[in-house]
Amino acid sequence: MNIKILSNFTKGFLTNSEIDSEIDNANKAREILHSKTGGGKEFLGWVDLPMRTESKEIEAIEEAASEIQNQSEFLVVVGIGGSYLGARAVLEATTSPFSVYNKDKKSVKILYAGHHIDSEYHTELLEFLKDRDFSVNVISKSGTTTEPALAFRSLLALSEKKYGKDGTKKRIYSTTDSKKGALKKLSDEYGFKTFVIPDDVGGRYSVLTPVGLLPIASAGKDIRSLHRGALELEESFKHQSGTENIACMYAALRNALYKKGKKVEILVNYNPKMHFIAEWWKQLYGESEGKGHKGIFPAGVDFTSDLHSMGQYIQDGERFLFETVFNMETPSKDMTIQEFQGDPDGLNYLAGKTLSYVNSKAIQGTKLAHHSGGVPNIEIQFKDLSEKTIGQLIYFFEYACGVSGYMLGINPFDQPGVEDYKNNMFALLGKKGYESKKAEVEKKLSEL
């Protein structure tokens with residue numbers, strides 16, 4: 001196991017009896033998860049997904065990824081929320097930020113569309129693609145989610161203009177429902193190669209399905225190692241409970257802090273490659289737990305950068321925060337600080353030390369300062385940024401989220417509140433079936 005949970009920086013905030021009580025609650029929630037007797041039980045397919053994923057499915061994904069690599073310089077991933085965040089998190093964590101400048105023909109560069117409705121972004125994307133070879137992976141269970149559906153409509157038109165209908169058929173890959181929905185119907189009509197989103201896996205838990213695996217494989221990443229990491233944790237968590245189960249331990253600590261008035265959890269990383277891991281985590285926990293006026297608010301910061309912007313508030317602001325801190329044990333690359341004659345910048349005291357050593361002391365110093373300032377810390381140590389470790393982190397967070405949601409007494413696998421903004425937007429846009437609501441929404445707006 002490449003992940004550890006440390007709780008020593010919760011001392012002074014939680015007693016042993018409080019932690020033990022929440023561990024008991026986590027064990028009960030874990031039993032509900034595995035017995036599939038809680039709310040949302042029809043969406044628990046992710047729990048044993050690594051074990052259920054067959055080699056032939058991975059081979060089919062790898063084959064499609066190879067096709068994309070051979071025919072295109074860019075793959076546009078069309079999706080929103082869980083339809084793109086998981087893949088983006090894995091790709092950013094395992095890829096050099098400077099790879100965009102490499103002329104690597106073995107993999108495609110990944111672009112994103114349909115994750116918002118900004119007109120400038122999507123117009124500039126289409127202009128960029130006009131003179132470049134591209135493929136599209138459109139991801140949607142229904143095919144009618146507004147943001148990706150609008151983006152895909154424009155990309156489909158560009159592809160047909162550029163490659164014709166026959167060429168387009170070979171360049172668009174859809175990931176959707178197995179039987180129904182607008183995207184499934186369109187894919188069948190055009191003859192797009194189609195991958196299935198399992199019925200029992202919700203979007204924010206879907207990164208280890210074709211939703212995430214096809215873009216990740218297309219970018220040249222080792223999806224077998226990613227899957228293996230998740231599988232190892234699935235096999236461990238089947239038999240582990242209490243403090244032995246690191247996901248239960250994490251769920252217990254965060255819920256114990258929540259009961260002590262710590263309403264906001266800040267996920268802290270010291271490696272910019274982890275930024276989208278935090279973005280994926282924010283959706284996973286925010287959409288799973290934020291119900292019935294309950295739930296810990298998930299936020300994220302990139303240290304040490306944000307120590308120079310958000311650090312002041314975290315240190316001295318309202319005391320409703322706790323931090324969960326990522327700490328990587330082994331960077332794949334490091335550099336030694338050189339000595340400068342005359343010591344013009346006063347940094348010769350660091351000469352001979354590595355940058356990772358300095359970063360480790362920044363982590364220790366910050367945890368201590370924030371702990372002293374009233375902000376408890378949970379630490380997640382992980383080995384490296386390999387696909388296997390990232391696969392373990394994904395499954396760890398998913399499992400802990402399911403346990404934590406059941407500890408709160410809510411259904412962690414639905415998202416009823418997401419529909420409210422859509423209903424108002426559809427009414428204002430005049431969508432068929434929302435005509436009666438339009439006057440009501442406009443009246444409310446005029447009264448504000």
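Worth knowing before you read on, the calculation uses all heavy atoms, side chains too, and leaves out hydrogens, waters and symmetry mates. For clarity, every value in this text was computed on a predicted model and none was experimentally measured. Heads up: numbering here begins at 1 and tracks the sequence.
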(message) Any carboxylate oxygen within less than 4.0 angstrom of a Lys/Arg side-chain nitrogen, looking at R228 and E387?
(response) no

(message) Donor-acceptor check, side chain of D306 to backbone of D302, threshold 3.5 angstrom: yes or no?
(response) yes

(request) Would you please indicate if the ring centroids of F320 and Y258 are separated by under 6.0 Å? (result) no

(message) As an exercise, state the distance from CD1 of I23 to CE of M407, rounded to the nearest 0.5 Å.
(response) 9.0 Å

(request) Decide ring-ring contact (aromatic ring centres under 6.0 Å, His included) for Y285 and W281; before the verdict, give the C-alpha distance in whole Å, the side-chain angles of both, and the deciding distance to 0.1 Å. (result) CA-CA 6 Å; Y285 280 78; W281 169 87; 5.7 Å; yes

(message) Taking the ring centre of each residue, are H34 and Y399 less than 6.0 Å apart?
(response) yes

(request) Could you walk me through whether S386 and T389 pass the side chain to side chain donor-acceptor pair (under 3.5 Å) test, one step at a time? (result) CA-CA 5 Å; S386 66; T389 298; 3.2 Å; yes

(request) Mind telling me whether F303 and Y270 have parallel, tilted or perpendicular rings, with 30° and 60° as the class edges? (result) perpendicular

(request) Could you tell me whether K169 and D166 make a salt bridge, using a distance below 4.0 angstrom between a side-chain N and a carboxylate O? (result) no

(message) Could you check whether F413 and Y205 have their ring centres less than 6.0 Å apart?
(response) yes

(request) Find the distance between CD1 (I296) and CG (L257) and round it off to the nearest 0.5 Å. (result) 7.5 Å

(request) Salt-bridge test for K141 and D177: reply yes if a basic N is under 4.0 Å from a carboxylate O, no otherwise. (result) yes

(request) Could I get the full list of ring-ring contact (aromatic ring centres under 6.0 Å, His included) partners for F128, not counting sequence neighbours? (result) F74

(request) For the pair E42 (side chain) and D199 (backbone), establish whether a donor and an acceptor sit closer than 3.5 Å, ignoring hydrogens and angles. (result) no

(message) Using the ring centroid of each side chain, check whether F195 and Y173 are separated by less than 6.0 Å.
(response) no

(request) Measure from the side-chain N and O atoms of K221 to the backbone N and O of L91, and report whether any donor-acceptor pair falls under 3.5 Å. (result) no

Taking distance alone, no hydrogens or angles, what donor-acceptor pairs closer than 3.5 Å link side-chain atoms of residues 143-151 to residues at least two apart or in another chain?
unit_1	atom_1	unit_2	atom_2	d
T144	OG1	S142	OG	3.0
E147	OE2	Y421	OH	2.9

(request) Quick one: list whatever passes ring-ring contact (aromatic ring centres under 6.0 Å, His included) with F9, sequence neighbours left out. (result) H371

